[in-house]
Amino acid sequence: MAGGAEVIVIGAGLGGMSAGALLARSGRETIVFERASFIGGRLHVVVKDGFTLDYGIHMSRFHKRGKLAEVMRAAGGRPSFLSPGPPEVFKDGKFFPFPSAPAELIKTELLSPLSKLSLLKLLAWTAFNNPDRAGDASLADALSGIDAPDDLSELCALLASTALANPYPELASMKELKKFLEQLLKNPFEPVGYIKGGWNGFFDLMKKNIESNGKILTRRKVERVIFSKGRAAGVESDGEKFECDALVCAVPFQDALKIIDAKHMSPPLVEYAKRVEPTCGVVVDFALSRPVSDKSGLILTPDPVTMGCLISNVDPSLAPQGKQLGTWLQFIPASRADEKEFVKKTQKELLDLIGRALPGVWDACEWKRELFTPVVDGAMLKVGQTWNERAPLVSPEVHNLFFAGDTTCGVGAGGDIALDSALRVSKLVRKYLRK
Ligand SMILES: Cc1cc2nc3c(=O)[nH]c(=O)nc-3n(C[C@H](O)[C@H](O)[C@H](O)COP(=O)(O)OP(=O)(O)OC[C@H]3O[C@@H](n4cnc5c(N)ncnc54)[C@H](O)[C@@H]3O)c2cc1C
């Protein structure tokens with residue numbers, strides 16, 4: 001063996017870095033293996049020409065009451081958040097306030113008076129067909145159950161894309177939507193926040209914790225997990241073997257079977273790894289030589305469903321003084337991710353749409369970064385992939401093999417799932433190691 005540690009974590013994304021930091025901080029020597037040359041995974045932060053770019057939009061749910069704040073506090077940090085401005089919908093060349101509270105739903109111009117009545121019917125339908133008791137349904141099922149008018153269907157699709165990062169009503173889970181609305185009722189005033197100073201501060205804190213009692217090895221792909229006597233005994237990387245007492249696999253579950261022999265996983269888990277469906281999208285980040293708008297909230301468009309933000313209006317430290325940084329995401333169906341022409345066409349349409357929403361943006365553009373992101377959220381919040389249907393945090397078969405990241409049964413959406421899983425996994429690992 002080339003060495004090892006009490007805990008090995010595979011993957012230095014949000015989930016792996018958080019789990020590694022909390023375990024190292026609790027006194028467990030931890031090594032994090034990362035195949036890339038950088039940490040952060042799908043939240044890899046890049047600084048260019050004085051602009052700090054997250055990988056597309058990266059907002060967090062529920063500010064200081066959310067999972068990001070909880071992880072940072074547990075890692076000895078003092079989380080601080082900024083609030084974006086009110087969200088807006090850009091439709092037919094005009095901006096409308098996006099109703100994000102019950103009172104705003106009554107006032108919104110996005111719904112006709114009759115549709116506002118239909119909204120009450122939708123609430124009644126949801127209460128009657130409570131997805132926790134009656135079984136999950138899709139948003140489209142609920143909308144067709146009340147014969148919803150088009151404007152209400154469109155608004156609900158926007159709600160699902162912001163709350164669940166799922167713009168497809170025929171897939172979006174009512175069970176996840178209900179859970180989100182319950183959380184929102186508990187935190188109505190701060191539904192979304194941006195980490196002050198950008199995500200680098202978060203990763204620096206996690207890194208400091210890990211390096212206080214372990215290390216992060218980048219450019220270190222784990223080729224396989226080694227099993228011995230029914231336990232995860234370590235990993236093999238670059239032909240070397242590293243042993244451990246507990247192993248946290250924090251890679252998206254679609255990749256788990258590349259490193260874990262299926263015979264060590266139960267058939268349902270193997271099935272999940274094979275079928276887990278991510279959300280998929282194209283992103284453009286744009287650096288502007290001058291401000292083009294003072295909007296600082298999320299800008300949503302219904303057709304196609306996209307969302308963007310002039311993120312340096314939320315946190316001015318992300319762009320040099322007098323300049324502006326924006327980012328925009330358009331979802332595309334995962335089934336079309338392999339169609340290069342379709343992806344290219346979508347990227348072009350997205351640029352045109354941003355140009356209409358923010359006149360003058362492309363004249364002021366110093367440079368832009370166009371990304372194709374085949375995995376936005378690792379597990380789309382759809383019927384069949386809800387929180388208790390995703391991968392468990394500990395393997396039912398191998399008791400020292402744990403899972404973290406946004407394809408597990410952590411609660412929330414995207415990054416929050418990864419953070420929630422890390423909080424819970426670090427407790428489970430500590431408990432296991434105490435035995
Ligand atoms: C454009 C975009 C916008 C997003 N917006 C938001 C948002 O606003 N809010 C939000 O909450 N979430 C958002 N997300 C989702 C969020 O980024 C992810 O949920 C989160 O980063 C997932 O973290 P993770 O640790 O689970 O996985 P990952 O970030 O994928 O980390 C897994 C890591 O494992 C490494 N790895 C894989 N295989 C191996 C191996 N064999 N050996 C070693 N290392 C390996 C990978 O290189 C990677 O670094 C967005 C994502 C994207 C792409």
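As a basis for the values below, the full set of heavy atoms in this structure was taken, side chains included, without hydrogen atoms, waters or symmetry mates. Indexing begins at 1, ligand by ligand and atom by atom, following the structure's order.
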Colleague: Check Asp238 with Arg220, please: is the shortest side-chain N to carboxylate O separation under 4.0 Å?
Modeller: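 The answer is yes: the pair qualifies as a salt bridge.
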Colleague: Could you check Trp362, Phe286, Phe51 and say which one makes a ring pair (Phe, Tyr, Trp, His ring centres under 6.0 Å) with Trp367?
Modeller: Phe51
Colleague: Tell me whether the rings of Trp199 and Phe203 are parallel (<30°), tilted (30 to 60°) or perpendicular (>60°).
Modeller: tilted
Colleague: Protein residues near ligand 1, heavy-atom distance below 4.0 Å?
Modeller: Ile10, Gly11, Ala12, Gly13, Leu14, Gly15, Phe33, Glu34, Arg35, Gly40, Gly41, Arg42, Tyr55, Ile57, His58, Met59, Arg220, Lys221, Val222, Ala250, Val251, Pro252, Ile259, Val283, Val375, Val376, Asp377, Gly405, Asp406, Ala413, Gly414, Gly415, Asp416, Ala418
Colleague: Regarding Lys348 and Asp352, does a basic nitrogen lie under 4.0 Å from an acidic carboxylate oxygen?
Modeller: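 Salt bridge present between Lys348 and Asp352.
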Colleague: Using the ring of Phe227 (Phe, Tyr or Trp, six-membered ring only), decide whether Lys263 places NZ or CZ under 6.0 Å from its centre and within 45 degrees of its axis.
Modeller: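 So Lys263 doesn't make the cation-pi contact.
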Colleague: Mind checking the OG-CG spacing from Ser153 to Leu158? Nearest 0.5 Å is all I need.
Modeller: 11.0 Å
